[in-house]
Amino acid sequence: MNEINILLEKIKLIIKYNANFFENENTNFNIFHVCGVNHYENTHSSIIAEFFKTDGTHGFKEKFLKAFLDVLLSEKIIDNNFNFSFSNVKVKTEFIINNGRIDIIITNTEKQAIIIENKIYAEDQFKQLKRYSDYGKQEFKQNFILLYLTLFGDEASEQSRQNVEYKQISYNHIVIEWLERCVEISARNAVVRETLIQYINYIKKLTGQDMKTRSNNELIEFLSKKENIQAALLIGQNINAVINNIVNNIFIPQLTNLCNELNLINMSSECDWFNESWAGFQIKNPNWKYFKIALEFEAKGLRNCIIGFNHIDIKERNDITFNELKNLMKRNNTNWAWNDFPVYQSWNNDAIIAILNGEMAEIFKTEIKKLLDITNNLTM
């Protein structure tokens, strides 16, 4: 046990040092993270396309697009024979063709084109690159390039790429290198420069290059050392039990307190939150006959939290009110009307910390009060 205590003290020092670094460097705030850009290809395509536009709001005309082509040239993705003209450049996203939508297409008056298929996590559609290549040949003869953009420069699926000439490019290398050149170009325009830097940092987070990822790697290396591994493994073996203990013995009492404050009854009971299906929290309003408020995890392991209304007894239903509840909530089935929980949908490390500092209880209170407010005039 002494070895574990020593290890935990060392880990605390590492976490404290890195926390101070992140705070001093202002690395936590990122507008792209705040807006929930995440894995949505269409959103990333719109951001990238805006920087490509020679008439874009960034005001740097063709300089950003030229920088992109320079990167492709320097990385030998294109050769000197592809002399793309900047005459009347048009950049479009979600461009509709007969048998699909091209994520980004860049064209000019010289009948040249750059076609980009942007993949974050989605799978290739059937013969997707083949269809885009056929379109390129039909419209631009040999004067086009087909780029397949993924986080790490992966190949397209075999069925999509078969007999297709295309080039792989990546967010973690090509896009970041291009955006860094754009930062240099826009150095005197603070708004554009800082937006580019924010987007670079966000891509680094998506691709595991951000400072927090490096900090985690540092911690992993530390725990992997021979003198630390036994204690680290023992902690790892008990982590689920620790989280169960926090939810059962800290959060459920917090939930009871806020229910008492709102004149509700907490009917939640302790359970194994990692192994029980549809684990969740049940809250009763003593003035309601038919319904209760419920928060449940759709997947084992405290994942996919939902919040809404459920029947107290499915044999004693009030379908008139239930139909009204279904109209008020985004999702429903035979017995439930619910929304996805707005934050901490999966209870990872941040969610557990939110329990310990009381933030989770405040979030629950806010969401429960919203549900109470919308049912004021209903026969519940």
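Residues: numbered from 1 along the sequence shown.
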For the hydrophobic clusters of this structure (ILVMFWY residues joined by side-chain heavy atoms under 4.5 Å, transitively), does one cluster hold both I174 and I47? yes
Sorted by chain and number, sequence neighbours left out, side chain to side chain donor-acceptor pair (under 3.5 Å) with D134 holds for K130
Set of residues satisfying salt bridge (charged side-chain N to carboxylate O under 4.0 Å, His left out) with respect to K300, sequence neighbours excluded: none
Taking only residues two or more places apart in sequence or in another chain, which ones pass side-chain contact (heavy atoms from CB on, under 4.5 Å) with R101? E94, I96
Is there a donor-acceptor contact under 3.5 Å linking the side chains of N248 and W273? yes
Counting only heavy atoms from other residues, nucleotides and ligands, does the tally under 6.0 Å from CD of E276 exceed 12? yes
Starting from L72, can I reach W178 by hopping between I/L/V/M/F/W/Y residues whose side chains sit under 4.5 Å apart? yes
Before we go on, tell me: are the rings of F52 and F64 under 6.0 Å apart, centre to centre? no
The single option from I115, L149, I116 that satisfies side chain to side chain contact (heavy atoms under 4.5 Å, CB included) with I104 is I116
Derivation of the side chain to side chain contact (heavy atoms under 4.5 Å, CB included) call for K119 and D124: CA-CA 8 Å; K119 293 288 184 190; D124 290 338; 3.2 Å; yes
Roughly how far, to the nearest 0.5 Å, is NZ of K61 from OG1 of T54? 9.5 Å
Measure the spacing between CZ of F86 and OG1 of T109 and express it to the nearest 0.5 Å. 12.0 Å
Show me the donor-acceptor pairs, under 3.5 Å and distance only, between side chains in residues 366-374 and residues at least two apart or in other chains.
unit_1, atom_1, unit_2, atom_2, d
T366, OG1, E362, O, 3.1
E367, OE2, K370, NZ, 3.3

Could you check D319 against R317 for salt bridge (charged side-chain N to carboxylate O under 4.0 Å, His left out), going step by step and ending with a plain yes or no? CA-CA 6 Å; D319 285 328; R317 299 174 62 94; 3.0 Å; yes
Do the side chain of Q345 and the main chain of C305 share a donor and acceptor less than 3.5 angstrom apart? no
Main-chain N/O of A241 paired to N238 side chain as donor or acceptor, under 3.5 Å: no
Would the distance check show the side chain of S186 and the main-chain N or O of N189 forming a donor-acceptor pair, the cut-off being under 3.5 Å? no
With sequence neighbours left out, what residues match N275 under side-chain contact (heavy atoms from CB on, under 4.5 Å)? D272
So which heavy atom on W336 is nearest to which on N333, and how close? N-OD1, 2.7 Å
I169 with F144, same ILVMFWY side-chain cluster at under 4.5 Å: no
Test salt bridge (charged side-chain N to carboxylate O under 4.0 Å, His left out) applied to E177 - qualifying residues, sequence neighbours left out: R181
With sequence neighbours excluded, residues passing ring pair (Phe, Tyr, Trp, His ring centres under 6.0 Å) with F364: F251, F281, F341
Compare every heavy atom of N304 with every heavy atom of A299, then report the nearest pair and how far apart it is. CB-ND2, 4.1 Å
For the pair V192 and L196, evaluate side chain to side chain contact (heavy atoms under 4.5 Å, CB included) and give the outcome as yes or no after the intermediate values. CA-CA 6 Å; V192 176; L196 286 162; 3.9 Å; yes
Check whether any side-chain N or O of E117 sits under 3.5 Å from a backbone N or O of L129 as a donor-acceptor pair, and report yes or no. no
Hey, could you give me the OG1/CG distance between T375 and N285, rounded to the nearest 0.5 Å? 7.0 Å
Measure across Y199 and H44 and return the closest heavy-atom pair with its distance rounded to 0.1 Å. OH-ND1, 2.7 Å
Would you check if N318 and W288 make a side-chain contact, meaning some heavy-atom pair closer than 4.5 Å? no
Give a yes or no on whether Y171 and Y166 share a hydrophobic cluster (residues Ile, Leu, Val, Met, Phe, Trp, Tyr; joining criterion: side-chain heavy atoms under 4.5 Å apart). no
Consider only side-chain N and O atoms of E155 and Y148, and report whether a donor and an acceptor are under 3.5 Å apart. no
Identify, with sequence neighbours excluded, every residue that meets salt bridge (charged side-chain N to carboxylate O under 4.0 Å, His left out) alongside R131. none
Do T93 and S45 have a side chain donor and acceptor closer than 3.5 Å? no
The salt bridge (charged side-chain N to carboxylate O under 4.0 Å, His left out) partners of E165 (sequence neighbours excluded) come to none
Suppose we screen for ring pair (Phe, Tyr, Trp, His ring centres under 6.0 Å). Which residues come up paired with F291, at least two apart in sequence or across chains? H311
With a 6.0 Å cut-off (strictly less than), is the heavy-atom count around NZ of K63, excluding the residue itself, greater than 12? no
According to a 4.5 Å side-chain heavy-atom criterion applied to Ile, Leu, Val, Met, Phe, Trp and Tyr, with indirect links allowed, do Y290 and L325 form part of one hydrophobic cluster? yes
So, Q128 and Y132: side-chain donor and acceptor under 3.5 Å apart, yes or no? yes
Inter- and intrachain pairs under salt bridge (charged side-chain N to carboxylate O under 4.0 Å, His left out), touching residues 328-339, at least two apart: E298-R331, R331-D340
Can you name the nearest heavy-atom pair linking N266 to C259, along with the distance? CB-SG, 3.9 Å
Considering non-hydrogen atoms only, spot the tightest contact between I120 and E41 and give its length. N-OE2, 2.8 Å
What residue among K111, E110, Q112 forms side-chain hydrogen bond (donor to acceptor under 3.5 Å, both in side chains) with N108? Q112
Qualifying residues under ring pair (Phe, Tyr, Trp, His ring centres under 6.0 Å), relative to F297, sequence neighbours excluded: W347
Might you point out which heavy atoms bring D79 and L73 nearest each other, and give the distance in Å? C-CD1, 3.7 Å
Tell me if a side-chain donor or acceptor on T195 pairs with a main-chain N or O of V191 at a distance below 3.5 Å. yes
